[in-house]
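Input: a single structure, listed below in structure tokens.
Both backbone and side-chain heavy atoms feed into the values below; hydrogens, waters and symmetry mates do not.
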Amino acid sequence: TGGKLVAPPVLAMLSRGLLSGKSEERFSAAATLLNLANDPGNVVPVANAPDVLAGLIHVAQAADTPPGVRVLAYDVIATIGQWLQGIAGTCSVPAGATSDLLPSGVSSGWLRWDP
């Protein structure tokens with residue numbers, strides 16, 4: 001795990017760096033978050049840190065984001081998503097529930113809860 005790197009003050013600094021006006025800071029923050037996201041032990045602290053996911057989504061969609069930073073932001077979001085789906089896939093089905101509650105890899109949107 002990231003230890004001190006996933007401490008709330010460090011993640012807050014990385015979040016601010018993502019939204020900085022300086023390309024170097026944005027790139028460094030996004031690259032550091034990608035390195036942290038590659039370790040499954042860091043997924044929960046990174047995903048729960050205030051403004052990190054929101055900052056990544058903003059950076060991924062903002063017109064003024066340098067292309068290299070945008071790609072890193074996409075990769076961080078995708079990596080966190082893959083770890084979370086992998087974790088969800090290992091969950092057991094509670095007694096009395098059907099197995100269709102587990103992730104299938106297919107996005108069904110609102111139809112998932114339609115009877």
Side-chain angles (χ1 to χ4, degrees):
T1 61
K4 292 181 181 180
L5 288 176
V6 292
V10 175
L11 292 173
M13 179 189 64
L14 292 172
S15 177
R16 286 190 304 274
L18 278 175
L19 303 175
S20 167
K22 300 176 182 173
S23 293
E24 302 85 24
E25 281 185 34
R26 296 174 89 180
F27 187 86
S28 296
T32 302
L33 286 168
L34 180 58
N35 284 337
L36 291 172
N38 281 321
D39 182 343
N42 295 333
V43 171
V44 172
V46 170
N48 283 338
D51 301 326
V52 170
L53 284 177
L56 287 164
I57 292 167
H58 173 77
V59 166
Q61 296 179 347
D64 67 336
T65 301
V69 176
R70 180 175 288 117
V71 170
L72 286 170
Y74 290 153
D75 285 348
V76 177
I77 295 166
T79 300
I80 290 171
Q82 286 180 324
W83 283 123
L84 292 175
Q85 184 162 1
I87 292 166
T90 62
C91 295
S92 60
V93 179
T98 60
S99 63
D100 61 344
L101 297 174
L102 293 177
S104 64
V106 176
S107 178
S108 56
W110 63 271
L111 293 175
R112 178 180 221 161
W113 292 278
D114 237 11

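When every heavy atom of Ala60 is checked against every heavy atom of Ile77, the shortest pair comes out as CB-CD1, 4.4 Å. Scanning both residues, Val59 and Ala73, for their nearest heavy atoms gives CG1-CB, 4.0 Å. Scanning both residues, Ser23 and Val69, for their nearest heavy atoms gives O-CG2, 4.3 Å. The two residues Pro66 and Arg26 make their nearest non-hydrogen contact at CD-NH1, 3.8 Å. Summarising the geometry of Ala30 relative to Leu72, their closest heavy-atom pair is CB-CB, 3.7 Å, with the distance given to 0.1 Å.
When hydrophobic clusters are built by joining Ile, Leu, Val, Met, Phe, Trp and Tyr residues whose side-chain heavy atoms come closer than 4.5 Å, directly or via intermediates, Val46 is grouped together with Leu53. Cluster membership check: Ile57 shares its hydrophobic cluster with Ile80, using side-chain heavy-atom separations under 4.5 Å among Ile, Leu, Val, Met, Phe, Trp and Tyr. Side-chain heavy atoms closer than 4.5 Å link hydrophobic residues (I, L, V, M, F, W, Y) into clusters, and following such links, possibly through other members, connects Leu56 to Phe27.
A donor-acceptor contact shorter than 3.5 Å links the side chain of Asn38 to the backbone of Leu34.
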Show the atom names and distances, to 0.1 Å, of all donor-acceptor pairs under 3.5 Å that link a side chain in residues 8-21 to residues at least two apart or in another chain.
from  : atom 1 : to    : atom 2 : distance (Å)
Ser15 : OG     : Asp51 : O      : 3.2
Ser20 : OG     : Lys22 : N      : 3.0
Ser20 : OG     : Glu25 : OE1    : 3.1

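The CG atom of Asp39 sits 12.0 Å away from atom OG1 of Thr79, with the distance rounded to the nearest 0.5 Å.
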